[in-house]
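Just below is one structure, and these are the notes that go with it.
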Amino acid sequence: MASQQENLRDFAIKLFNINAIKFGEFKTKVGLMTPVYCDLRVMVSYPDVMKSLAELLIYEIKGIDVDILCGVPYTALPIATAVSLQTSIPMVMRRQEPKYHGTKKIVDGVFKAGDQCLIVEDVVTSGSSILETVKDLENEGLTCTDAIVFLNREQGGAALLKDKAKCIDQEMVEKVKLYIRDNQVTANFKSAA
């Protein structure tokens with residue numbers, strides 16, 4: 001059976017092979033320029049890659065108390081759906097824009113006040129998308145104390161969520177740091193071509 005580090009390495013190769021990892025000059029949501037860009041939107045065209053990502057995330061959320069999932073709009077919605085399908089944890093969807101007709105809901109799905117909601121995000125640079133999602137979910141009565149993020153660009157997002165927004169505690173910060181330290185992809189592998 002493969003180790004989690006081997007699974008991560010294999011997944012990184014899959015992302016590269018489907019052109020989800022791009023090199024060049026790109027601007028991030030917060031306006032920073034970067035030589036590498038993760039375009040995870042292409043994963044929706046590769047069910048096997050989506051399944052692999054869901055399995056990686058499920059491994060990481062073991063032990064977290066969760067009643068419901070919510071993917072941050074828009075790229076994380078199919079990721080949250082894949083996790084939901086494999087775990088049978090229900091999910092809700094937060095609208096990025098309020099609905100001005102019909103029910104005028106900002107959060108769609110079935111939930112009750114106090115449900116523990118795990119936020120699912122694809123990439124974090126500043127953490128602002130998670131904060132916006134948490135605000136709307138908490139306004140609807142959901143409890144949001146944890147988030148699972150596929151890629152932390154390590155450009156201040158985790159610190160913002162910890163220090164400014166009080167979304168994560170020091171224990172979670174340390175867990176993430178250890179995880180990043182212990183799960184580095186190295187060049188000591190053969191090409192999957």
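L77 and I58 end up in the same hydrophobic cluster when Ile, Leu, Val, Met, Phe, Trp and Tyr side chains are linked at under 4.5 Å. A single hydrophobic cluster is seen to contain both L69 and M93, as judged by linkage of ILVMFWY side chains at heavy-atom distances under 4.5 Å, directly or through other members. Hydrophobic clustering keeps L57 apart from V44 (ILVMFWY residues linked when any side-chain heavy atoms are closer than 4.5 Å, directly or through intermediates).
Shown are L118, D136, L131, L137; of these, the side-chain contact (heavy atoms from CB on, under 4.5 Å) with C144 is made only by L137.
Pairs passing the side chain to side chain donor-acceptor pair (under 3.5 Å) check and including a residue from residues 69-84, sequence neighbours excluded, read R41-T75, Y74-E97.
Inspection of the Q116 and T145 side chains reveals an N or O donor paired with an N or O acceptor under 3.5 Å.
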Exercise for review: Before giving the answer on ring-ring contact (aromatic ring centres under 6.0 Å, His included), spell out for F16 and F11 the whole-Å C-alpha distance, their side-chain angles and the decisive distance to 0.1 Å.
Suggested key: CA-CA 9 Å; F16 181 79; F11 187 72; over 10 Å; no
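A salt bridge does not link K51 to D48: none of the charged nitrogens lies less than 4.0 Å from a carboxylate oxygen.
Environment of NZ in K22: crowded, with over 12 heavy atoms of neighbouring residues, nucleotides or ligands closer than 6.0 Å. Around the CZ atom of F26, the shell of radius 6.0 Å holds more than 12 heavy atoms that belong to other residues, nucleotides or ligands.
Looking only at side-chain heavy atoms (C-beta outward), R94 and E140 stay at 4.5 Å or farther from each other.
At distances below 3.5 Å, at least one donor-acceptor pair connects side-chain atoms of E6 with backbone N or O atoms of S3. Formation of a donor-acceptor pair under 3.5 Å by the D115 side chain with backbone atoms of K112 is found in this model.
Evaluation of the salt bridge (Lys or Arg N to Asp or Glu O under 4.0 Å) rule for K104 yields no partner, not counting sequence neighbours.
Atoms CD1 and CD, from I130 and E121 in turn, are 5.0 Å apart once rounded to the nearest 0.5 Å.
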